[in-house]
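The block underneath contains the structure these notes are about, expressed in structure tokens.
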Amino acid sequence: MPDHDTADQARTITVTLPDGSSRQLGAGATGTDLAAEIGPGLARAAVAVVVDGAERDLSSSLPDGATVSVLTVASPEGRAVLRHSTAHVMAQAVTRLWPGARYAIGPAIEDGFYYDFELPGGAHFSDEDIERIEAVMREIVAEDQPFVREEHSLSEGLQLFSEQPYKREIIEGVAAVGHEASAEGAASGGVSTYRNPARAAGAQLPASPVQAGTGTGALPGSPLSPASTARDFVDLCRGPHVPSTGRLGHFKLTKLAAAYWRGDEHRPQLQRVYGTAWESRAALEEHLARVAEAERRDHRRLGAELDLFHFPPEIGGGLVVFHPKGGLVRRLMEDYARSEHERAGYEFVYTPHITKSTLFETSGHLGWYADGMYPPMEMEGASYYPKPMNCPMHILIYTSRQRSYRELPLRLFEFGTVYRFERSGVLNGLLRARGFTQDDSHIFCASEQLEGELSSLLAFVLKLLRRFGLTEFEVELSTRPEKYIGTLEEWERATEALRAAMESAGVPYSVSEGGGAFYAPKIDVHVRDAIGRRWQVSTIQVDLQMPQRFDMEYVGADNARHRPYMVHRALFGSVERFFGILVEHYAGAFPLWLAPVQVQVLPVRDDHAQYAASVADRLRDAGFRVAVVPADEPLGARVRRGKLEKVPYVLVVGDDDVTAGTVGVNSRGSERPERGVSLAELVTRLSAEAQPEHDQAGRSGPACAGTP
RNA sequence: GCCCGAGUAGCUCAGUCGGCAGAGCGACGCACUCGUAAUGCGUAGGUCACCAGUUCGAUUCUGGUCUCGGGCUCCA
């Protein structure tokens, strides 16, 4: 080490690693140097560094005394860097293919990325374009272009992006507001950009960072010309990025869509290309397999295959009909929920589907949500609306007579079908429908009962969700939105009561600031399904507004009148939607207690039919839903059909069984059938399994319930 | 509502560079009577989403409409 003299010795820096240890590096050392110092494996996997909590390029110099961690490609943050860099590559590909294309924003999102464009002449992408763009992206990856960070003043940025109005708007927005809003690479002091110098594959270019903020702001040989006319691809961006495009490659463009600029439907509509990107071929393929599995589980597809429900166009978008099998499953869900609610002290009510407008004027819904309601019918001088919510009607039950504190908490429950005029583009099978049934409860309680009621309510909700095989929860507290009614004090009280309930339930929770309804803060319960997807199901809302609007009161122990608290609560949320979630969660293979056909009995030959019928009778007597499949077809074909229909138990009875009083048991998901199981044993086994509580371990249907 | 894509038999799809449309599965019938994921033969079934236009002729080309799907916006 000839240059290892005392002067250099003095110029070293020390950085602290996440494990608390520290490292000495030469002054000016970069993230790349640090990763290499720690180990070659880390150097290969590194995509960026986190310096004192801020993500930076690997090529950035590390300040002395910083706390530094290396972001690797397989971490969520590392993947986000990878995806964001891939989005830049895609934008470069699009500008190569469509010279003059304008590019707007291109962030990393869950599992992938997108980029929004405006093509010259208002052109649109077509499906074939996906392949063309991908091909150019692969060229760019092969070229191994460095991502070179540059800093510019705001005016330089405006000049650089003189032909990119969306970039200019971002920069101008920052300049006007003057606050730190650096998501797209602009901050009040200036802007940062990333340049991908165009070059032939295999050529070498220095990839060192360039600090150009104070001077002309240009790379040698790269004048500050408008980004879209330069040969290089330059994008406004905060970073960080992978060192070069050669680090990318395991990507796939997935779909095209239109998206409004800045999400505003009054602004121009841009062309969005979605893609996914991963650190390895294997990870990409695993992701694509997950997507395929989700498609295989699509409740609309399974709903048709299993003859559960459909949406007749003759009736109208977003309006479902349940077929006998789907109706049976739904009834089982409802029956179970009903009996559990009764045990928990709920009382069942029924209310009409339409009401005079005055009710929703009193509640405030017409003022706030008229757009989402079906238009009214004029009758006898009054306007009658289909109800979008049940709560005002439950309130009328409460106010039908004077209430005493001895009656509280009063818990009213209804499977209340409501109609909401969802815009056509948002409809999504059972998951977003125009007519649906809320399992709607309203709990009226005294002030001092609020915290206790909320805690037991949340526990009750989670218990029931577990019975439906959903065991992984994330709870979210949504606080006061910008548009709200009521006083700050009331919101504070209600929000804190909800927070206390979440804490006592012992579940992880997050807070969505401003996410509440206009009349109430709320808790939303999210569940993870069998393949890890997140669904919002239950909601609990404390409402301090309706009791006032409807002038609700009760007579307290002090003989004075008091205002009750009101809690809105839906457990399934929408019965239809929850049904759809369950279909996807179980991949159509409902647990025994919910399966529309629980058992099929297959006589081997016609002359076993009588014995098969007696087996079926015995099981029916024990309370099971049984079908006999006669020997019109070969046994193998009937077994196959039973499997495809996802019947939990396919029983085969032949000569041996007739003699011994047994059955052959082919249970769903098992590799091989069991022979010679006695009827009594079978009944015992099935009876245990048919309890809703049986399926609480988070077990779901077989991951692959299709053909072998 | 907006952008993109798709509508052919009950389902999944092929096909027609413009000349009165096909497969597999399913359904139905007959035969087969079988021990664990497809028995054989046969029959029926389509206004090629709908309406215009171009053409000797349109399922095919053009325009419009409807429905469905993917996104965007929205979701009390």
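Proteins get letters first, then strands, A, B, ... in listed order; numbering begins at 1 in each.
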Complementary nucleotide of [N], counting Watson-Crick and G-U pairs under 3.5 Å:
| N | answer |
| --- | --- |
| A6(B) | U67(B) |
| A44(B) | none |
| C72(B) | G1(B) |
| U39(B) | A31(B) |
| U54(B) | none |
| C13(B) | G22(B) |

At less than 3.5 Å, do the side-chain atoms of [X] and the base atoms of [N] form a donor-acceptor pair?
| X | N | value |
| --- | --- | --- |
| R272(A) | C72(B) | no |
| R423(A) | U73(B) | yes |
| E422(A) | C75(B) | no |

Can you tell me how far CD1 of I581(A) sits from CZ of R297(A), rounded to the nearest 0.5 angstrom?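 One finds 13.5 Å between CZ of R297(A) and CD1 of I581(A).
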
Interatomic spacing from CZ in F578(A) to CG in L571(A) - rounded to 0.5 Å: 7.0 Å

Is the backbone of D439(A) close enough, under 3.5 Å, to the side chain of R569(A) for a donor and an acceptor to pair up by distance? yes

Any donor-acceptor N/O pair, T399(A) side chain to M552(A) backbone, under 3.5 Å: no

Could you check whether [X] gets within reach of a base, just the sugar-phosphate, or nothing at all, counting any heavy atom under 4.0 Å?
| X | result |
| --- | --- |
| G263(A) | sugar-phosphate |
| G317(A) | sugar-phosphate |
| A631(A) | base |
| F311(A) | nothing |
| D632(A) | base |
| R300(A) | sugar-phosphate |
| A258(A) | base |
| G425(A) | base |

Nearest-angstrom distance from the residue atom [atom1] of [X] to [atom2] of [N]:
| X | N | atom1 | atom2 | answer |
| --- | --- | --- | --- | --- |
| H323(A) | G10(B) | NE2 | C1' | 12 Å |
| N666(A) | U36(B) | CG | P | 10 Å |
| D655(A) | U36(B) | CG | P | 13 Å |
| R675(A) | U36(B) | CZ | C1' | 9 Å |
| M373(A) | C75(B) | CE | P | 16 Å |
| L306(A) | G26(B) | CG | C1' | 15 Å |
| E305(A) | G26(B) | CD | P | 14 Å |
| L644(A) | U12(B) | CG | P | 16 Å |

Which whole number of Å gives the distance between the [atom1] atom of [N] and that of [M]?
| N | M | atom1 | answer |
| --- | --- | --- | --- |
| C48(B) | U59(B) | C1' | 4 Å |
| G22(B) | U16(B) | P | 14 Å |
| U43(B) | G24(B) | P | 13 Å |
| C20(B) | U47(B) | C1' | 12 Å |
| C61(B) | G19(B) | P | 11 Å |
| C25(B) | U55(B) | P | 45 Å |
| U8(B) | U12(B) | C1' | 12 Å |
| C11(B) | G64(B) | P | 28 Å |

Report yes if at least one side-chain N or O of N428(A) is closer than 4.0 Å to OP1 or OP2 of G70(B); otherwise report no. yes

Quick check on G71(B): is either OP1 or OP2 less than 4.0 Å from any side-chain nitrogen or oxygen of K255(A)? yes

Ignoring the backbone of [X], work out which of [options] is nearest its side chain.
| X | options | answer |
| --- | --- | --- |
| R605(A) | C34(B), C3(B), A37(B) | C34(B) |
| R420(A) | A76(B), C34(B), G1(B) | A76(B) |
| L635(A) | A38(B), G35(B), G1(B) | G35(B) |
| A517(A) | A76(B), C3(B), U73(B) | A76(B) |
| V639(A) | A37(B), A27(B), A76(B) | A37(B) |
| Y260(A) | C72(B), G71(B), C34(B) | C72(B) |
| V652(A) | U67(B), U73(B), U36(B) | U36(B) |
| P634(A) | U67(B), A76(B), U39(B) | U39(B) |

Could you tell me whether [X] sits above the aromatic face of [Y], with NZ or CZ closer than 6.0 angstrom to the six-membered ring centre and within 45 degrees of the axis?
| X | Y | result |
| --- | --- | --- |
| R434(A) | Y419(A) | no |
| R685(A) | Y649(A) | no |
| R102(A) | Y166(A) | no |
| R132(A) | W98(A) | yes |

Nearest-nucleotide wise, let me know which of Q271(A) and R672(A) is further upstream toward the 5' end of RNA chain B. Q271(A)

With nearest nucleotide decided by heavy atoms, which residue, D298(A) or G636(A), maps closer to the 5′ end of RNA chain B? G636(A)

Could you tell me if the ring centre of F113(A) sits under 6.0 Å from that of Y115(A)?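 No; Y115(A) has its ring centre 6.0 Å or more from that of F113(A).
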
